[in-house]
Each structure stands twice: as C-alpha cells, then as structure tokens.
Amino acid sequence: MLKIYNTLSRQKEEFKPINEGKVTMYSCGPTVYSYAHIGNLRTYIFMDTFRRVLKYDGYKLKGVMNITDVGHLLSDGDEGEDKMAKAAREQKKSPWEIAEFYTNYFFEDFKKLNIGKPEVIAKATDHIQEMIKDVQTLIDKGYAYEIDDGIYFDISKFPDYGKLSRLSLDEQQAGARVEVNSQKRHPADFAVWKKAEPEHIMQWESPWGMGYPGWHIECSSMSRKYLGSRFDIHTGGVDAIPVHHENEIAQNEALEGGKTVNYWVHSEFMLVNNGKMSKSLGNVYRISQLEEMGYAPLDYRYFCLNAHYRKKLNFTFEGMDGAKTSYARLLSTLYQHKAGTNATDKDVLAEYKKQFDEAVNDDLNVPLALGVLWTMVKEPKSKDIYELALQFDKVLGLSLDKAQPQAQSEEPISDDIRKLADERYAAKKAKDFATADALRAKLADLGYTVLDTKEGYTLRKDK
RNA sequence: GGCACCAUAGCCAAGUGGUAAGGCAGAGCUCUGCAAAAGCUUCAUCCCCAGUUCAAAUCUGGGUGGUGCCUCCA
C-alpha cells in the first residue's frame, strides 16, 4: 500500500487512484528558455522515482509533462518581457528555435540520468486553441473578466483560493512588491490571457484580438485534455505551490466545478553550500559541467536518491565525491554477486524485498531503501542477490545491470600501452620486480594506472 | 512584517514513544612482491532549557540557529 504526502492536507495519505489499477499524473515541466541545472533536475529525478514506484506497484501509468515554450513573463505583475522572447533576442534566434534547442537539451539530460519520459509531452504552443476555449469558458462562467491588457481570473469568485499554500491573501502585503494594476479587481487576480503589443513575437488570434496565454492556463488546459476533468496526481517543485499551483487549482475547479486533483506532491529544493543556488553566486551547475569535472550523471542520480524528496538537499562536492565512490562500490560489489556461487535463502531474500518495498511505498523513502540494498549486498556473494538488486533497480534507475569491475576502463587502450602493460605483467610473473615497477612508472607517466587482480591485471586511464 | 519547513557523527542521511539504518571520510587488522581492490573490526545518545511518560532523537512549551516562500525560480 503506497502512502504519499499530500501538500493539500499536509499529511501522508494512502494512495487510492480514481480508476483501479491506473494512475493519471501531471508533472510541471520546464520553461525552455535556458539550460536545466542540477536543482531543476532533482525535481525530475523525483518525478521519475515516483513514476517508477507506481509502475513497480503494478499500476498502469499515464503521465503528462508540459513543455512551456510561451507565456511566462519576467514579473508577477503580469508585466515585463516574455522569457522566451528575451532569450531569443539575446541569442538572436527565434523563440521557436530557442524552445527547440533547450527542449532537446533537456531530454538529453533525461537520458543521461535515466529519467523516463512521461507518456505524453505537451508543448504549450500546440495547445493555444484549448487554452482560448478555456479562457472563454471562464469568462462565460463569470470567473474571468476583461480589462485593457487582458483577461483576468477573479479570485473573489473562488473562496478556496490559497488552500494549497495556506497563505492568507489578507496577510500578504498586497501590492507591496507587485505593482498594482488599477483595473484589476483584486491585486492577486492573475492573467489568463494577455493582449499582445504589436511587437510581441509570439501571438495568436483570439476573440479578444491578438494575444498570448497567461502563465498558468497551459497546465490547466493540457492536464485536462489528456487526463480528463479529474486526475490522480500533480507533481512539481515546492516553489510552484504558492502561485502557479494555486492558480491552476482556481482555474481547474472553476472550469470543472469541483476538485480536479487528488494528490499534490512537491519536491524540495536543492541548496548549494547551504545556500540558495543562484547565477549571481556562480553556483548553478549543469549535468554536463559535472561530467567535465569527472562525475558521471548517475553519480548525481545516486546523490539525489540518498536524500528524501521532501527534504532540502545540500549539494557539495564533498557529498558528490562520496556519492561517486559509494555508487562505484555498489556496482563493483554487485558484479561480484553476479558471478557469486552461494545460494541465498529464499526467506532471507523475501525479507529484503519486503523491507525495500515498504520503504519505497512509505512516501518514497528511497534513502531507507538504499540502506536495505546495502545491507543485502553484504551477504555472501550470490546470483540471487544480484537478481533481486535488479528488481530494486526498477525503482532506483541506477543501471545496476551495468555492474562491472570498478577498475575496468571504458576507453579502448592502444596497442602500445597494452604491450607495455603485458611486458610489466611478464616481468612481475618472472619476479623481476625492478623492471615491473619501472614499467608501472612508465605507464603512470602515460596516464595509466595498473591494477593487479587475481587472474592478471587491468588498466585504468587516469582522469 | 507574514507564513512554512528544518536542526541526528568530519560530511551526506534514515529513524516520529521502547532504547541511534546505510553510505562517504577516518582509524586498526587480514591478504597481496609493491600498489590497488577486497574482507574484517572500529567510530554519535540525537542544538539548548523545562515538561509529559515506566520509557523521548521521537510528544508539549520556551529558546537558539538555519533555509525557503510571500517577486521569476524545480
């Protein structure tokens, strides 16, 4: 029985899907105006873990993730420049090119990190008509009104506004930091459709003239299009709770008349050196940058898996080094199990599986599940352990089936190097240690470390 | 100013009433020509104070410290 923490109730709840055996899930995706950084990716590793656990539990999954390629402005006052347009101007490309480039890059990162693509990837620009229709419905139902610069949602018509974040609008210093648009009925009313200035690049025809969608309507329109008026789960980062998801709830429930999402699940932020990750501090990293520093993408996945998704994770290179070593040893140990000759008692195996299953089903407690795996791996080497670890890997996504001896080099080794190494080995066999050591030193100069094993030796290219 | 969340060993991190998982680093030992790997062993009483309880890291109250949100942000 899966239990999951619901932001709406602030409690762990038993998960019960609307339709037995099937799960419908919507995940907030990226705005593709820039590269995803490791903090962004933590959220998608969380999404992926959640999806994996659901599948592991036997659910048939339909997941939808949006690609936001239009609409988000730079400020919350429904003012400022469109992010896509800004990136386009700066890089001298069209917004469409910007979107395509960063979308592709984003999914490259997914591949590297073993993050599975949701079943439906929905681009905002492909769903403008659905959004216009929904905006019209909001107007017809009296939830939205038109002013000079666009169509706005009237939050006074939605008494539940704020129920997810539990922020009281009265207690907020309304307009303190967001410039009040005098035509808006309430400072927190938000745009569902914006009328475009002539120079605005991305704009579409609508009943209200040329324009473009507001920041939140896309998720409402696309989630309902693919998942229906009611669906099970909505995921995202905690930052989306106060504004984006609050507004999405308002739109959805105004459109559908009643609760539309049963479980709101959010992942916490990542910190860097105990502080916020920000470009100004120069501590924003991308996966490709970690790779340049000698970390494999899955080292980073392991790093994330070692912490619970609802806890802030402090990124440090000391921590990354630990994750890298730990993960390498895990693979190495599993490789030995793969060739293990012991038999493991069925009850013992069943007990590990039980512990693992309970951990991941208890609000996705993956750190605890990893602990179970580590304890299991300490058992006498047995192929049974290896097979069970592969089962666990359906949840972990750590490519445990790729387990190999730690020292093995992935790069081809040239004949010259190989020859030197063979000579060293021969000298060693002949107990001519002086020559062997000299050759080892020579190889070291060439950037290779020789590691002796029981049967022979392996070469490792130095980083 | 308002609202949340968090505080466990050098580091990362589980544990939410019954006597501190796991990983990294460190230390010792075994093995191996050396080196590496591997194996074994070892390493905390849970921010502070008060309270509830037979029993608290776990509950309550009060401190202190940290982070986030209320602006775009995963």
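For clarity, every value in this text was computed on a predicted model and none was experimentally measured. Each chain gets a letter, A, B and so on, in the order its sequence line appears, and its residues count up from 1.
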Counting only Watson-Crick or G-U wobble pairs whose two distances fall under 3.5 Å, which nucleotide matches B:U71? none
Got a sec? Which of residues 102-111 of chain A come in under 4.0 Å of RNA chain B, heavy atoms? none
Using a 4.0 Å cut-off on protein heavy atoms (strictly under), produce a 5'-to-3' string for nucleotides 19-27 of chain B with B for base contact, S for backbone-only sugar-phosphate contact, and - for none. --BBSSS--
Does a sphere of radius 6.0 Å around NZ in A:Lys123 hold more than 12 heavy atoms from other residues, nucleotides or ligands, not counting ones at 6.0 Å or beyond? no
A:Asn314 vs B:U67: side-chain N/O to OP1/OP2 distance below 4.0 Å: no
Under 4.0 Å between a side-chain nitrogen and a carboxylate oxygen: does that hold for A:Arg42 and A:Glu268?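 Salt bridge absent between A:Arg42 and A:Glu268.
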Anything under 30° is parallel, anything over 60° is perpendicular, the rest tilted; go ahead and classify A:His234 against A:Tyr26.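 Tilted: the ring planes of A:His234 and A:Tyr26 meet at 30° to 60°.
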Aromatic centroids of A:Phe317 and A:Tyr285 separated by under 6.0 Å: yes
Do the ring centers of A:His245 and A:Trp264 come within less than 6.0 Å of each other? yes
Anything under 3.5 Å between a protein N or O and an N or O of nucleotides 30-33 of chain B, put it in a table, one pair a line.
residue, atom, partner, partner atom, Å
B:G33, N1, A:Asp437, OD1, 3.0
B:G33, N2, A:Asp437, OD1, 3.4
B:G33, N2, A:Asp437, OD2, 2.6

Run the ring-ring contact (aromatic ring centres under 6.0 Å, His included) test against A:Tyr35 and tell me which residues pass, sequence neighbours left out.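 Only A:Tyr102, A:Tyr105 meet the ring-ring contact (aromatic ring centres under 6.0 Å, His included) criterion with A:Tyr35.
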Pairing residues for A:Phe392 by the ring-ring contact (aromatic ring centres under 6.0 Å, His included) criterion, not counting sequence neighbours: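 If we apply the ring-ring contact (aromatic ring centres under 6.0 Å, His included) test to A:Phe392, skipping adjacent residues, the hits are A:Phe356.
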Which part of the nucleic acid does A:Gly39 contact within heavy-atom distance under 4.0 Å: base, sugar-phosphate only, or nothing? base
B:G17 and B:C6: how far apart are their P atoms, nearest whole angstrom? 15 Å
Distance between the C1' atoms of B:G26 and B:C59, in whole angstroms? 37 Å
Holding to side chain to side chain donor-acceptor pair (under 3.5 Å), I want the full list of residues that pass it with A:Glu351, two or more places apart in sequence or in another chain.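 Testing A:Glu351 for side chain to side chain donor-acceptor pair (under 3.5 Å), a comparison that skips the adjacent residues, returns A:Gln355.
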Kindly determine whether A:Asp189 and A:His186 satisfy side-chain hydrogen bond (donor to acceptor under 3.5 Å, both in side chains), including the steps that lead there. CA-CA 5 Å; A:Asp189 285 356; A:His186 187 286; 4.7 Å; no
